[in-house]
Structures are given as structure tokens and as C-alpha cells.
S.K.: 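Starting off with a structure, shown below.
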Amino acid sequence: MSAPLFHIGYHKTATTWFQRAVYPNVRNRRYVPQAQVRHALITSNALHFDPMIARQILSSEDGIPICCEENLTGGLHSGGLAGCQSKDIAHRIRASFPDAHIVIFIRDQVDAIAAAYVQYVKGGGTHSVDRYLFGAALLGPRAPERDEIPRFQFEHFAYDRLIAHYDALFGEARVHVYRYEHFRADRRAFMARYACRHGLDIALDKVDFSVANPGLSLSLLRAMRMANRFTRRAVADKSHLVHLPGWYKLSRRAMRRVAASGWTGRKAKASDILPASLIQSIRHRFRGTNAWLDERLARQDRRLAARPEPEAMAAGRVGFDLCLNATATFR
């Protein structure tokens with residue numbers, strides 16, 4: 001696979017780990033740093049975006065680019081600006097690199113939404129999970145602040161809409177969808193298949209498979225919410241009592257050390273964060289989405305099983321048997 005590779009997210013599907021441990025170590029591709037990807041594809045005004053400039057920023061004679069940036073699916077806490085950002089960025093990638101391959105990792109919506117709230121707290125959030133998820137509903141339909149502060153949207157996790165959009169732009173064969181749960185179950189085995197499928201030359205025995213962005217225990221999550229009241233950073237939808245310069249970075253470092261120590265207990269599960277009635281509601285809400293995803297992934301599996309991965313085999317970077325096994329299902 002000699003075309004540019006764009007790993008666009010979703011959030012909370014190990015993109016940080018791919019950015020730190022995997023893509024910088026790929027020897028037959030050129031990993032493009034996040035800041036460069038953001039500059040090329042996200043930060044410019046939609047009405048001023050120039051695909052030629054974006055292509056110049058991301059292209060180089062040094063090799064074929066790999067770009068990994070989870071915000072290419074849109075902001076986590078803003079629902080991709082009601083999907084407008086998510087949709088427009090897809091068009092930006094298509095205009096800049098029409099031959100690109102797209103990688104999308106998806107995650108069970110209940111777990112993803114719980115993880116989004118944890119990330120909100122890590123980012124300085126102070127609201128309860130109920131206020132975070134349903135804050136917009138507390139505002140009147142004509143409240144001026146309704147559109148001023150981007151807020152969480154459940155629609156962001158209807159993965160079928162964005163995947164179908166990329167399928168239409170690039171063709172289904174160029175859009176590769178993976179379940180985060182299969183990656184998490186056996187990272188090493190998954191990555192062996194993944195590297196082979198995408199023709200990536202990487203020494204997996206040198207990859208650090210430890211978690212890059214660990215979760216929080218329930219007690220640490222509550223402590224972080226209280227600590228966040230002493231900084232105005234970094235999420236928009238929050239409150240604070242007073243801003244102490246430097247407190248945000250200091251509290252983040254302390255949180256990481258405490259989380260790594262493990263003395264506060266096990267990592268909080270979705271069922272610890274979300275009430276049972278809400279979990280049931282989320283399951284029902286995305287029932288149609290997930291049925292579509294099952295069919296979409298089944299087609300992808302059949303297409304993959306029907307052909308070998310000639311580039312990966314020819315490259316001689318991974319064993320022949322491994323490449324044959326790479327055609328096995330990812331589901």
C-alpha cells in the first residue's frame with residue numbers, strides 16, 4: 001500500500017499510543033507530527049482552506065506520509081461542531097490526497113462515552129457526567145450561549161454516518177475500519193496483522209505496548225474534578241473558583257503519577273460512571289448504527305479474505321505465513 005495513510009481516530013481508541021509507539025518507528029513511511037497535520041487540515045478557516053497548501057505541508061521527498069490525528073474526526077467535546085467539522089475535514093483530505101487510505105478505529109459507544117467524560121475531567125472539566133452529557137438541554141432554544149460553547153453530542157458516536165461519508169469520498173476499499181476492542185484484546189497479534197495489511201515495515205519486538213493514556217479510578221476522577229476548580233484551563237464548558245497559574249500542568253503531572261501508582265484502586269468502568277438507565281438508553285440509541293457497522297465490517301472481512309496483501313509480502317518485512325494470517329478476520 002503505497003498511498004498516504006490517514007489514521008483519523010476516533011478519540012479514545014489508542015491514537016495516542018499509535019502516535020508515540022508505532023508510527024514514528026515505521027521505516028518505510030514518514031510519520032507526520034500531529035502539529036503539522038493540524039496546521040495542514042484543521043486550523044485553517046473552512047472558507048480559506050487550500051488543498052495545494054495542505055499537500056505541500058504534509059508531503060515530502062523523504063517518503064510516503066502517515067498522518068495520525070484523532071481530531072480529524074472532529075472535536076470530542078463538541079461533537080465535531082455538530083458534525084460540520086468532521087464532514088468538512090473529510091473533504092479536505094479528499095481534496096488534498098485523493099489517493100489516500102483512511103483508517104478509522106471505533107469503540108463500543110457506552111465505553112467511548114464514559115471515556116469521553118474521563119477525558120473531559122483530565123482536560124480540566126468540573127461538571128458532573130449528567131451536566132457534561134446533557135448540558136445543552138438545560139439551555140433554552142434561543143439562549144445565546146447555546147451555540148457559543150461547543151458541547152458534547154451523542155450523534156458524534158453514530159460512527160456509520162462518518163464512515164459512510166468517507167466511503168462515498170474514497171471508495172469503501174480505501175476506508176479501513178477496526179474495532180478498538182479487538183486491538184485491546186491482543187495488541188501484539190492485532191498489530192502484526194495491521195502492519196502486514198498496510199505494508200508497514202516496523203520491528204514489533206521493539207514497540208512499547210504499554211498503555212499511553214491510562215484511565216482514572218473513580219476516587220481519582222472525583223479528586224480531579226475538585227482540583228480543576230483552581231484553573232480555567234483547558235476545556236470550554238466548565239466553572240472555576242480561581243485561576244492559579246501553573247496549576248493545570250502541576251495537577252496533570254500529579255494525576256499521572258497517582259494513576260500509575262495504582263493505590264487509588266482499579267480504573268473506573270463505564271458502569272461506574274454512567275447510570276444503568278443511561279447505558280440502556282445508549283444501547284438502544286445506537287442499535288441501528290451498530291447493525292450497519294456489522295454489515296460494513298463483514299463486507300470488509302470478505303474483501304480482505306479474498307485477496308492476499310501483495311505489497312506486504314513483496315516487501316519481505318514480515319513472514320509469508322504472517323501475511324496469509326493477516327487476511328483473517330479482524331472482527
Side-chain angles (χ1 to χ4, degrees), residues 3-16 18-19 23 29-60 64-107 109 112 115-116 119-120 123 147 149-178 180 198 234-236 289 292-293 296:
L5 184 69
F6 285 82
H7 182 161
I8 67 171
Y10 274 70
H11 291 83
K12 313 312 299 177
T13 60
T15 46
T16 299
F18 275 90
Q19 291 154 2
Y23 294 136
R29 298 291 191 274
R30 180 180 58 84
Y31 173 61
V32 181
Q34 273 184 281
Q36 203 169 330
V37 177
R38 292 181 62 82
H39 177 57
L41 295 171
I42 297 178
T43 58
S44 63
N45 183 283
L47 299 178
H48 293 80
F49 176 75
D50 187 333
M52 293 301 297
I53 294 177
R55 189 177 182 93
Q56 290 173 3
I57 293 172
L58 299 178
S59 298
S60 170
I64 301 165
I66 292 179
C67 301
C68 181
E69 166 55 65
E70 57 269 36
N71 282 302
L72 293 174
T73 58
L76 176 62
H77 306 309
S78 67
L81 299 180
C84 295
Q85 182 188 40
S86 311
K87 182 178 180 180
D88 184 63
I89 287 174
H91 286 288
R92 296 186 187 197
I93 298 173
R94 177 65 175 80
S96 305
F97 295 90
D99 60 336
H101 281 254
I102 309 298
V103 165
I104 305 175
F105 277 69
I106 58 175
R107 182 175 182 175
Q109 286 93 352
Q119 188 62 39
Y120 162 76
D147 300 318
I149 300 178
R151 289 179 169 86
F152 175 91
Q153 292 192 337
F154 284 96
E155 291 84 354
H156 185 64
F157 299 90
Y159 307 123
D160 57 323
R161 302 302 180 97
L162 189 61
I163 292 171
H165 183 55
Y166 273 93
D167 285 347
L169 290 176
F170 291 91
E172 192 172 293
R174 287 181 173 268
V175 181
H176 312 273
V177 182
Y178 300 101
Y180 169 73
H198 293 285
V235 294
T289 288
W292 185 94
L293 289 169
R296 169 64 169 76

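Nothing fancy with the numbering, it's 1 onward along the sequence.
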S.K.: Verify, without hydrogens or angle tests, whether H165 (side chain) and K87 (backbone) share a donor-acceptor contact under 3.5 angstrom.
M.R.: yes
S.K.: According to ring-ring contact (aromatic ring centres under 6.0 Å, His included), who are the partners of Y23, at least two apart in sequence or on a separate chain?
M.R.: H7, F18
S.K.: Spell out, as yes or no, whether a donor-acceptor pair under 3.5 Å connects the side chain of S86 to the backbone of T73.
M.R.: yes
S.K.: Applying side chain to side chain contact (heavy atoms under 4.5 Å, CB included), can you list everything that pairs with A236, at least two apart in sequence or on another chain?
M.R.: I149
S.K.: Would you say Y166's side chain and R174's backbone share a donor-acceptor pair under 3.5 angstrom?
M.R.: no
S.K.: Please answer whether the main-chain N or O of T43 pairs with a side-chain N or O of R38 as donor and acceptor at a distance below 3.5 Å.
M.R.: no
S.K.: Are L58 and F6 close enough that some pair of their side-chain heavy atoms sits under 4.5 Å apart?
M.R.: yes
S.K.: The test is side-chain contact (heavy atoms from CB on, under 4.5 Å); show your working for T15 and F105 and say whether it passes.
M.R.: CA-CA 9 Å; T15 46; F105 277 69; over 6 Å; no
S.K.: Any chance you could measure E172, atom CD, to I163, atom CD1, to the nearest 0.5 Å?
M.R.: 10.0 Å
S.K.: Drop me the distance from I93's CD1 to C67's SG, to the nearest 0.5 angstrom.
M.R.: 8.0 Å
S.K.: Do Y31 and Q19 come within less than 4.5 Å of each other through their side chains, counting heavy atoms only?
M.R.: yes
S.K.: Quick one: are L41 and F49 in side-chain contact, heavy atoms under 4.5 Å?
M.R.: yes
S.K.: I need the I42 CD1 to R92 CZ distance, nearest 0.5 Å.
M.R.: 8.5 Å
S.K.: When you look at CZ of R161, are more than 12 heavy atoms from neighbouring residues, nucleotides or ligands closer to it than 6.0 Å?
M.R.: no
S.K.: Check whether any side-chain N or O of Q36 sits under 3.5 Å from a backbone N or O of I57 as a donor-acceptor pair, and report yes or no.
M.R.: yes
S.K.: Rounded to the nearest 0.5 Å, how far apart are NE2 of H11 and NE2 of H156?
M.R.: 6.0 Å
S.K.: Backbone N or O of G79 within a donor-acceptor pair of the E155 side chain at under 3.5 Å?
M.R.: no
S.K.: Could you tell me whether the side chain of R55 and the main chain of A95 form a donor-acceptor pair under 3.5 Å?
M.R.: no
S.K.: Which residues satisfy the salt bridge (charged side-chain N to carboxylate O under 4.0 Å, His left out) test with D167, sequence neighbours excluded?
M.R.: R296
